[in-house]
Amino acid sequence: MNVADSQRVASALEKLGYEHTARPDEADVVVLNTCVVRQSAEDKAYGRLQSLKPMKAARPEMVINLMGCLVGVKDNPRLRQRLPFVDVFSAPSDPAPLIAHLMQKEGRQAELEETSARYALMDEELTLPARERGKLISAHVPVVLGCSHACTYCIIPYRRGVERSRPPQEILAEARALAAQGVREITLLGQIVDRYGKDEPSYPTLAGLLEQVSAVDGIERIRFLTSHPNWMNDELLDAVAGLPKVMPHIEVPIQAGSDRVLEAMKRGYTAEDYRRLIARIRARIPGVSIATDIIVGFPGESEDDFNQTYHLLEELKLDVAHLARYSPREGTVSARRMTDDVPESEKWRRFRLLEELQEGIAAEIHAAYLGQTVPVLFEAKVKQRWRGRTPTNKLVFVEAGRDLRGVTAAVKIHWTGPWSMIGELA
Ligand code: SAH
């Protein structure tokens, strides 16, 4: 989501005449786009801010824009007070305050009102930043902004605001613009992406949107994330199975395998519901790959609760598990009403146990690709190898003399590991 938001800012800045530099000490404008989903992300943001402070002191004309979830959607006077050297504060996905500030500074008052209103609505056509144009093969397109499902651990609804779906025409225009700039794969994004259109009766469902995006010439592959288990209906699964451009890959977090913990998280389903959902996804989408997210060490998570998560993961054999150690976030229900009582060392132990388990599962799933030939969409050259992905989102590396960027080619797999595979052009 933040990568997509940053692209939008870079695009807006280039339209104003700015260009990219890799060095903050020579930049006229520095945008720091932030995440606060865990304390470690927030610490990193403050660390970067501290490193910008002396640059701002040396060159006061440098404009610093703090953006994203550290700022949030509501005005935050405490944050402004704490960071007096920041010139502009802006909410996630919103380049408007920065553009307004720069236009005012440059005396371009006349253009200002109309332009900033357009950026605020996100309907300004997205031109990729120059350094990505023609090079970026896989792009992210936010389709649902914000989130209105209050999982007790999660800060996102507080910082990204209420759920709102973007109009389908806007999404399609963006997909067409990206395709014209060389993009071949699009990932539709939302905190609960399978709720797309639920807030606006005139919009299609996610299944309908996938069908519409499928009609965009030049876009060869479509993915979407992240899904909430409760909204994954058969219409959506059948759309994934039936639309050739939609890849057989589902990201659907479970978060915990214990019903007691799931209830405390207010996720709205049981472990058995999730088990049945996985069976339903596998029955409807042949060859599907499934990724999940898990939080270990949620308040009150006992050894027995954790073992249930462990055994469920062992049983389901999912392709990927994104693991996190519980991090209390200011203002959330779990931070206000529950005690962060699983010691850090124990969170780490549980994390490593799941990591090791998942490494074995992934290695086993990948080994089944040995000797197979799969269509790989290549994105970039890393050292001497081309890097691409299978429809199931597996990372594949290939040595090849010719330029493979943006090309989908058949690859015969001859080595597999838990995180990637190696093959040769078939
Ligand atoms: N909206 C998506 C993704 C949310 S953020 C969803 O709910 O599935 C990505 C992941 O970060 C979450 O799935 C969760 O596993 C993790 N996460 C969120 N809040 C967290 C917290 N307070 N501590 C640790 N991990 C957290």
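Index from 1, following the sequence. Read the numbers this way: they start at 1 and go in the same order the structure lists the ligands and their atoms.
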side-chain hydrogen bond (donor to acceptor under 3.5 Å, both in side chains) against Asp194, all qualifying residues, sequence neighbours excluded: none
Partner residues of Thr34 under the side-chain hydrogen bond (donor to acceptor under 3.5 Å, both in side chains) criterion, sequence neighbours left out: none
By ring pair (Phe, Tyr, Trp, His ring centres under 6.0 Å) - contacts of Tyr274 (at least two apart): none
Heavy-atom neighbours of Glu19 CD exceed 12 at 6.0 Å: no
Crowding at CD, Glu356 (>12 non-hydrogen neighbours, <6.0 Å): no
Ring geometry between Phe298 and Tyr326 (parallel below 30°, tilted from 30 to 60°, perpendicular above 60°): perpendicular
Is there any protein N/O under 3.5 Å from an N/O of ligand 1, and what does the full list of such pairs look like?
{"from": "ligand 1", "atom 1": "1 (N)", "to": "Gln191", "atom 2": "O", "distance (Å)": "2.8"}
{"from": "ligand 1", "atom 1": "1 (N)", "to": "Gln191", "atom 2": "OE1", "distance (Å)": "2.8"}
{"from": "ligand 1", "atom 1": "11 (O)", "to": "Arg38", "atom 2": "NH1", "distance (Å)": "3.2"}
{"from": "ligand 1", "atom 1": "13 (O)", "to": "Gln255", "atom 2": "NE2", "distance (Å)": "2.8"}
{"from": "ligand 1", "atom 1": "13 (O)", "to": "Asp293", "atom 2": "OD2", "distance (Å)": "2.5"}
{"from": "ligand 1", "atom 1": "15 (O)", "to": "Gln255", "atom 2": "OE1", "distance (Å)": "2.8"}
{"from": "ligand 1", "atom 1": "22 (N)", "to": "Tyr153", "atom 2": "O", "distance (Å)": "3.1"}
{"from": "ligand 1", "atom 1": "22 (N)", "to": "Ser327", "atom 2": "O", "distance (Å)": "2.8"}
{"from": "ligand 1", "atom 1": "23 (N)", "to": "Ser327", "atom 2": "N", "distance (Å)": "3.0"}
{"from": "ligand 1", "atom 1": "25 (N)", "to": "Arg38", "atom 2": "NH1", "distance (Å)": "3.4"}

